[in-house]
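Heavy atoms only: backbone and side chains are in, while hydrogens, waters and symmetry mates are out.
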Amino acid sequence: MASPRTVTIVALSMALGLFFVFMGTIKLTPRLSKDAYSEMKRAYKSYVKALPALKKLGITSLFLRKTIGSLELACGIVLTLVPGKPRDVANFILLILVLIVLFFHQLVGDPLKRYAHALVFGILLTCRLLVSRQPEEEPYEKKVTRGGIGANSREPNKMKVS
């Protein structure tokens, strides 16, 4: 049976991955929702207007939206389908993207209800990353047989109480 840690990581990976696949797709194409796509276009135009340094660098709202959408889509696919270290890398990239988007929302003065989802998913990405980086705990039976619990006692099933 899978450990609770593994179940947590897989569940968070799947849910977060599918969410970012959905959000990345909305930023890239109007096929899922024309209204959401139009809203994304408007929002990214306001982000570029609010940060003149982006214009000086030649970054347009279209380029910014397509780049962030493509990264969300790619990292969402990795988070959903690819096991191992690539998931953690995708998780980290998505966490950076969420922080950038939160910065943009603050920059243009959006109300909390416009970026609350980004806060929640940023917290979930952080939790997933923290859980995945924790070392796997040994089952209780292995600790007892190796002397990990109550190592100084003579009987393997008794714990030493200090």
Side-chain angles (χ1 to χ4, degrees), residues 1-139 143:
M1 187 169 122
S3 71
R5 176 185 172 272
T6 304
V7 172
T8 302
I9 291 170
V10 170
L12 279 173
S13 296
M14 291 298 187
L16 289 167
L18 291 173
F19 171 78
F20 282 104
V21 165
F22 177 72
M23 291 306 293
T25 304
I26 284 178
K27 288 179 177 85
L28 297 173
T29 180
R31 288 186 181 164
L32 291 179
S33 171
K34 288 183 175 148
D35 293 337
Y37 179 75
S38 299
E39 180 58 29
M40 289 292 174
K41 284 174 60 173
R42 186 207 56 75
Y44 277 85
K45 284 179 185 174
S46 70
Y47 300 158
V48 172
K49 278 184 191 173
L51 199 62
L54 290 176
K55 270 197 176 173
K56 288 180 184 175
L57 293 171
I59 297 174
T60 64
S61 64
L62 177 68
F63 177 76
L64 185 64
R65 181 173 45 86
K66 297 274 184 187
T67 302
I68 290 177
S70 298
L71 283 170
E72 285 180 352
L73 181 63
C75 290
I77 290 170
V78 169
L79 207 56
T80 305
L81 301 175
V82 181
K85 293 279 185 204
R87 271 188 179 169
D88 291 343
V89 173
N91 192 136
F92 184 74
I93 292 169
L94 287 170
L95 191 55
I96 298 297
L97 287 176
V98 166
L99 291 174
I100 290 169
V101 169
L102 286 172
F103 170 74
F104 284 141
H105 281 292
Q106 285 295 306
L107 190 67
V108 297
D110 282 341
L112 178 63
K113 69 178 183 178
R114 297 252 315 140
Y115 61 90
H117 70 281
L119 281 172
V120 170
F121 282 95
I123 291 168
L124 288 173
L125 284 167
T126 304
C127 290
R128 191 220 161 269
L129 197 58
L130 289 174
V131 170
S132 72
R133 301 308 304 155
Q134 287 180 343
E136 189 74 42
E137 226 178 80
E138 289 184 48
K143 286 182 184 178

Check: Q134 main-chain N/O paired with R5 side-chain donor or acceptor under 3.5 Å: yes
Within-4.5 Å side-chain heavy-atom neighbours: V78 and V89: no
Backbone N/O of L28 and side chain of K66: donor-acceptor pair under 3.5 Å: yes
Distance, nearest 0.5 Å, that separates SG of C75 from CG of L16: 12.0 Å
Heavy-atom pair with the smallest gap, counting every atom of G76 and L94: N-CD1, 4.4 Å
For A43 against R114, the heavy-atom pair lying closest together: CB-NH2, 4.2 Å
Minimum-distance pair of heavy atoms, taken over all atoms of Y37 and I26: CD1-O, 3.2 Å
From CG (L64) to NZ (K45), nearest 0.5 Å: 13.0 Å
F63 side, atom CZ; L57 side, atom CG - distance, nearest 0.5 Å: 10.5 Å
Test item: T126 side-chain N/O and G122 main-chain N/O as donor-acceptor pair under 3.5 Å: yes
Nearest non-hydrogen partners of L79 and A90, listed with the distance: N-CB, 4.4 Å
Spacing of N91 atom CG and L129 atom CG [to the nearest 0.5 Å]: 4.5 Å
Gap separating the CG atom of D88 from the CD1 atom of I93, nearest 0.5 angstrom: 11.0 Å
Side-chain heavy atoms of K41 within contact of S61, under 4.5 Å: no
Min side-chain heavy-atom separation R65-Y47 under 4.5 Å: no
Taking every non-hydrogen atom, the tightest pair across V82 and R87: O-CG, 2.8 Å
Nearest heavy atoms of S46 and V108, plus distance in Å: O-CG1, 3.6 Å
Spatial distance of atom CG (L102) from atom CD (Q106) [nearest 0.5 Å]: 7.5 Å
Pair F22 and F19, ring centroids less than 6.0 Å apart: no
Aromatic ring pairing F121/F20, orientation class (parallel under 30°, perpendicular over 60°, tilted between): perpendicular
Pairwise side-chain contact, T60 with V48, heavy-atom cut-off 4.5 Å (strictly under): no
